[in-house]
Amino acid sequence: MLNSSYTDGPDLHPNLMLGCLHLLFWLVFHPAAWRHFVARIDPDLSPSFTLTDLNRRQWATPALWRVFVQGFFILPLLVGLATGLTLWFAGATPSAIVTPATYTIFLSLAIGLMIAATVGVAAGLVSGLLVGLAVGVIGSSDIFGDIGEAVAVSTAMGVAIGAGLSIAGDLADRSRQQSEPGRTTLAGAAVGMLIGAIVAGILVGIGATTLIQLGLTAIANLAIGLSENTAYWLSRTIIVSGAFGLAVGWQSGLKPGLIAAIVGGLAYGLPVIGIQTQFFEQGGFLFETELAIGVASGLLFGTSFGVVVVLPYALAERLAGAWAGAWAGALGSLGRHIFRNQIPLWPALPLGFVGVSLGVLMAWGRPVVLYPLLAAWNLILFRLDERRTGHRASLLRRHSAFWDEQQRLPLSGLDEHLLLVLDRYPAEGEAALAYISQSRQRWAAQVVQLELEARRLESVEQVADVGQVHHHLASGALTGPTSALLRQFSQISQDVEAALNQAAAYPQRLALSAVDDRLSALIRELTVSSDPFVDRFRPIATQWQRLVGRQRQELADAIEKSQEIDNPYVVGVPLTDQQEIFVGRVDIVARIEQLLLDRRRPPLLLYGQRRMGKTSLLRNLGRMLPRATVPLFVDGQRIALATDYPDLLYNLAAVISQSAERERQLVLPPLSRDALAASPFTCFNEWLDTVEVMLERSGYTIALLALDEFEALGAVLDKGRFDVSDFLSLLRHTIQHRPRFKVMLTGSHALEEFQQWASYLINVQVVRIGYLARDETRQLIEQPTPDFALQYEPAASQRVFDLTRGHPALVQLLCYEIVTLKNEQDTVVRRRVGQADVEAAALNALAGGTFFFADIQQNQLNATALVLLRAMAAHGAGAVIERTELAKLVPDTAELEQSLALLLQRDLIEAVDAGYRFQVELIRRWFELATSESISE
Amino acid sequence: MARSPQKFGRLLTAAVHNIRISDERSLKKTVRVVQDELGYALGRHGGSSIEYWRKGNIPATIDDLENLTRELVKRNGLGSDETLQLLNYAGHPQPSGFWAELFPLQQEFASFVVGPPITHPRQFFGREAELKRIFNLCKRFPLQNVAVIGCHRSGKSSLLHYLQSITTTAPNELRPGQQCNWLPQPEQFQWVMVDFQDVRMGRRERLLRYLLSRLNLPVPDPCSLTNFMDTVSHQLQTPTMILMDEIGAGLASPELDQQFWWSLRALSGNYTEGKLGFVLTAHEAPARVAHEYGKPSPFFNIFGHTLRLKPLSEAAARELLATSSRPFNPTDVEWILTHSRRWPVLLQILGDTCLTAQESGETGHGWRDEGLQRIAPYHYLFEAPC
C-alpha cells in the first residue's frame, strides 16, 4: 500500500470507467502520475505525446489503446450522459435529449481527437471532456435565457479549452524541468516569459481566426459557378481540412499533415453532405434521424471548433512555446464561437476572455481557489487519524499533499500529521516523508526532519549517547540555518565521541572541557538568535552540556581517585635553592650573618652530623643571606681531586668562580692552570686581589668562602700529597689579610679531630646545625610544598616528629615512605595520614633507608660503641640505660668513657639523669632490628 | 665490496624497473613516471636526478643516498641483498649499519631464558613496585639514587636492562598490554649501563671514557678524574641515570679509589643541577662491601632509597609461565610456582625444563626431577635475605 500511496507512480484503477476518471484526475491534480503512467507504457513516449507522434509499434500497444478507449470513447459517452441528464432534469422528452446528447458526444470526440493529434493526447482528453460538458451541460440549462446561455456557453468553453490546453503547457514545463533538472529560471524571467507567451498567444489566436475568416471569404468568392450554399460549405470544408492539415503538418511534417487534411476534410465534409442532401431525414425513423443529426452536427461543430483551436495553437507553440499555444488556441476557439454564433460582443467577449484566462491559468488558480476546501479536508483527515487506534492504516495518504502536486501554498498542519504518522506508523511515515521532501510541500518535510533531529538530539540520556548521535543526524538533508545548527550539534557529538575514545581519563577530561566550551558558545548563540527553531534546540544544548558536565565531574573524581600524591621529598641528595622543600634554619643563618659581621673575622665551622643538612644549607645560603654577601661554595670533595698545588688552586678558583656566577651572577676573572704552574700560591693570591677589587666595585661587602666537607680535603692532605701547612697558611692569610673574605668550614667532625687545622685556624666559631625545630619539622611534614595533598592527623604528625626528632634526612625519608604508602592505598583513605600509616611507613623507611643507618654502623662508630648502642637499642623506645648497666658491657672504664663520648659526639645518644638514651627513635629501631637479624646487612 | 659507480647505476636502473613491474598499477607507468615519482618523494622537482644517478653518478651526499635507498626499498625496488650491494657500490661509509636499519631482524624470542640476564623488555616480567618507585624518582629533580639489593640471580641485572630499554622500546616489540609509559618524555632521558663485572669497567680511565662516550660528551685528553668532572659538570644537560651493575666488583677495583667514588657523589649532589642519578645493584649492602674494601665513601650516603628484590608476585609469575610456546597444564603451572617460590630465575629454569620435555614428546612428570636438580644450586634464594 505504501508503494502506491506515497509515490508519483501510482497504478491506474483497473476499472475501465473509473480508470478513465483516474486518468483525468491525474491530468488535473497529479501530472507526475500521468508522466509515470506514460513512461510505463513506453519509456520513449513523451508525456505530452500527440497521436501523430506515435510510431507503428506504439500504435500496437494495448495499454495505449486502453487509454484511447477511455479517453475518446468512454469520456465522450460520459459527456453525452451528463448532457442527457441535464436535459432530463430540465424536463426534456427523451426524443429531445437524443440529438443534444449525441451532439455533445461527437463534439467532444472530434475536439478531443483533433487536439490529441496536434496538441497532445493529455490535452485532448481533458479538452474534449470539458468542452463537451460546457456545451452540453451549460448549453442545455434553461436558466440563462438565449443571450445569457450563449454568453455562458462561450465563457464555459473558454474555461474548458483554456484548462484543457493548459495541460499541454504544464506538461511541457514539466518535461523541460525533467530534461534540464539543473536549469532554473529566475522569477522575473519566468513572469516575462509568461507575459510574452500570453501576448504571443493572443496575437496568434486573433490572427489565425482572422486568417480563417478571410480564407473562408476568399474561397467562397472564388467558387464561381457553384451555388451560394455549396460554395459556403465547400469553402468551409476546404478551410477546415486545410487548417487542420496545416496545423498537423506544421507540427509533424508533410505526410501527417496531408493525412490530417484528408481526415479533417472527411470529418467535416461528410456531415455537411449528409445534412445538405437531407440524407438523414430521408433515412427512416425520427429517432434515427435525431441521432444522425446529432452525430453530424457534433462532428461539424467539433471539427470546425477544433480547427480554430489547433491551428493557432500550432502556430503559437512554434513561435513561443506551449503556453502561448494554449492562449492562442483558447482565444481562437472563443473568437470563432462568438463570431460564428453572432453572440453580442458585450459581455460575451470580456467574459469569454476571463473564462479563457481562468482556464489557461488553472494550474495557478485552482490551488488557490481550492485551498480552503483542501485545508478543511486535510484537517478532517488529521482529526480522524488522531482518533484512530489499533492497526488501522492512517488516512495520511488521502491528504492533498499526496495527490495535488500543483498546490504551492503551504498546507498547514501537514507537518503535524506527518509526525503523528511517524510516531504511530514509522514505515508509512518514512515513506510519506520521503515523498513530501521531493514535493512542493517540502517545507513540511524540513520541519518534520528538524523535529525528528531535535527528538534524536534530546533522546540522549548519557554522554556516550551524545557521542553516538552524530552517526544518525541528517544535517545534510536540511538547508539554511537549521543545517548549520545541526552541523554544530553533529560536530559536538563527534568531539564527544573522540573525547570518550581517549584511552586515559585525563585527556578525556581535557577533551570534554573543550566540548563544554563549544556547548557554552552554542547556547550563547542560540540565546541571542531570533531564528524560530532556537526555542526547540536551546534546551537540548543545555541538556547536552549538563551530561558533559556530569561526565567531566565523574572523570575528575576518577582522576582524583587515581591521582597519586606527588612525592616531593628528597632523600640522600642535598637540596639546592631550586627545591622549595628546604625549610627552617633561619636561626642558623642569622647566627652566621651575625658572625660574618664580627670585626674579629673569626673563621666559622658549621658543625653537624652526617645528613643533617649542612650542604643543603650552604646551597641555600645565597637566597638566605643579604645580597651584599657572596656565598662561595667550595666542595671539598671536588678540590680534593687535585694532584698538585697548581691543580688544587686551579680547582679552588674554578669552583669559587662557578659559585659566584651561580649565586650572584658575578663573573670572576679566569685563572689559568699554566699561570699557576710556576708559582701557584703567589699567582692565586694575585687572583684573589683581583677578585677582591671586583667585589668592592660590584658593591659586595662579604665573600663567604664556604668549604664543604673539609674532612675530604683533610683526608687528602693527610695522605701527604700536599704539605698541609701550605694550604692552611693560605686559608689563614686569607682570613687575616682579606677583610672581605670570610671562611666557613663545614663538616661532621670537630676541628680538634684535625689537629693541624685547629692550630692554623684560631678562634673558630662553631655554628651547630642539628635537628629541625618542632614547627620547622611540622612544616616539612604537613606542608612541604604549597599544594601538598596529604593531610596529617595531629597525632600522626607528632608521631613523625617523635620518630625522627626533626632529623631532616630522616623526616624526608619517613615522609617519602608515607607518601609512597598512601599512594598504594584506596583513594578513600589516601589523603589522610594516621598514626598507623606512620608506623607502617617507618618499617619501610628502615628498609629503604638502609644506607643512612648502615653508614652510622660501618663508618661512624668503633666496635665498643656499637656494642653499647645495640645494647641500648634492645631496651626499647625511650628507655634510659644507666651507666652502671653499660659498665657491665664494657668493664674498661676508659674504653667505656671513650665510646660514650663518641656516641654523644655523633648525636646518637644523650645523657639523661644517671643514664643515656637514644636521641632518635628511628635510629634506635634500626639498631634493634639489626641486632636481632637482617636489616643491618 | 668496492665502490663502483657503474654497478651502482646498473643496480639503480634495475631497481627502477623492479618498481615498475612490482604491481599491476605501476605496470601502466613508464620508467620516466616511476623516476618522477621517486624524485618527488625525495623532495625534488622530478626524476632528472634519478636519471642522472642511473647513468653511474653516485648521489653527492649520504643523505641523498640513504633517502634514495629507503625509497627504493619502500617501493619494492630493492631486496635485502641488492640493498647492501647498492650501498657498497655507492661507497656508503657504514653500509651494514644502514642496511640493518632498513631490514631489522625479526627477532624470535625464546619462551624461557636460562642463564644470561633478560635484555629484551618483552621477556621481562613483574617488579612493578620497584619499577614504579625508580621511575617516580626520575620524574622530578633532583634525580635521586636507588640501590637495588638482591642475591645472586635474583634479577638485578635484568632489572637494570629493563630500566634502560623499556621506555624507548616500540610498543609493537612488547607484549600486549605491557606498560612502557613510565616516563612522560622518555626520549629526553639517558640511561647508561655500567657492568662492573666487565673488567674493563674496573679501569678508571676506561670507565670514564666509556661514560663520556655513552653520554655523548667529548672525551678530554687526558681523561683524568678532574677533566671528567669538568666535562660532566659543564656539559651534561640531559637527565641521566647511570646504572651500576654489581657495585661490589667496582669497589674491588684498585683503580676505582675513594676519590673516584667521592667524585661521583660530588657530581650527583653539587655539579649537575640534579640531572645525574645512580641506580646500583649489589648482592649485599654496599656500605658493608665498601667498608670491607677500605673505601668507606660518602658516595653511598647519597643512596636514599634501597630496594630489596624479592620473588615475583603470583600474577607476574603466572604471566611469565603463560608465555611458553606450548601451554603448560594447570598442575604443571602450580608445581612450578610452588617449587620456584616465584623467583624469576627458577621460574625460567623450571619453565624451560617443562617446555623441553613437552617438545621432546615426554609424558609424565620426569621433567620435574630434572627441574629440581637444575634449581638445586639456587636454594640459597629461599633462605634469609642475602
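We name chains A, B, ... by the order of the sequence lines, and we start the count at 1 in each one. Predicted model, so just to flag it, every value in this text is computed and none were measured.
The contact list for residues 565-575 of chain A toward chain B, using heavy atoms and a distance under 4.5 Å, reads D566(A), N567(A), P568(A), Y569(A), V570(A), V571(A), G572(A), V573(A), P574(A) by residue number.
Counting only residues at least two apart or on different chains, the side-chain hydrogen bond (donor to acceptor under 3.5 Å, both in side chains) pairs with a member in residues 653-663 of chain A are Q658(A)-H234(B).
With contacts defined as side-chain heavy-atom distances shorter than 4.5 Å, the pair F300(B)/D855(A) does not qualify. Inter-residue side-chain proximity for N136(B) and E564(A) is flagged as met; some heavy-atom pair is nearer than 4.5 Å.
Both the backbone and the side chain of I302(B) come within contact range of chain A, each with at least one heavy atom under 4.5 Å from a heavy atom of that chain. Only the backbone of L143(B) has a heavy atom closer than 4.5 Å to any heavy atom of chain A.
Surrounding CZ of R175(B) are more than 12 heavy atoms belonging to other residues, nucleotides or ligands, all under 6.0 Å away.
For chain B, the option among V655(A), D635(A), N823(A), D708(A) with the highest count of heavy-atom pairs below 4.5 Å is D635(A). Counting heavy-atom pairs closer than 4.5 Å to chain A, the top-ranked of the candidates K139(B), M229(B), H305(B) is H305(B).
Rounding to the nearest 0.5 Å gives a distance of 7.5 Å between CG of D647(A) and OG of S224(B). Atom CG of D230(B) and atom CG of N651(A) lie 7.0 Å apart (nearest 0.5 Å). If you take CG on L813(A) and OG1 on T306(B), they are separated by 9.0 Å, rounding to the nearest 0.5 Å.
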Practice task
Give the intermediate values and the outcome of side-chain contact (heavy atoms from CB on, under 4.5 Å) for residues T226(B) and Y650(A).
Solution key: CA-CA 11 Å; T226(B) 308; Y650(A) 172 81; 5.7 Å; no
Handout entry: Stepwise side-chain contact (heavy atoms from CB on, under 4.5 Å) check, F633(A) with N270(B)
Key = CA-CA 10 Å; F633(A) 176 79; N270(B) 296 327; 3.8 Å; yes
Practice task
In sequence, state the C-alpha distance, the side-chain angles, and the governing distance for T576(A) and F141(B), and then conclude on side-chain contact (heavy atoms from CB on, under 4.5 Å).
Solution key: CA-CA 10 Å; T576(A) 68; F141(B) 295 116; over 6 Å; no
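Taking a cutoff of 4.0 Å between a charged side-chain nitrogen and a carboxylate oxygen, E824(A) and K132(B) do not qualify as a salt bridge.
Residues F851(A) and N301(B) come closest through the heavy atom pair O-OD1, 4.1 Å.
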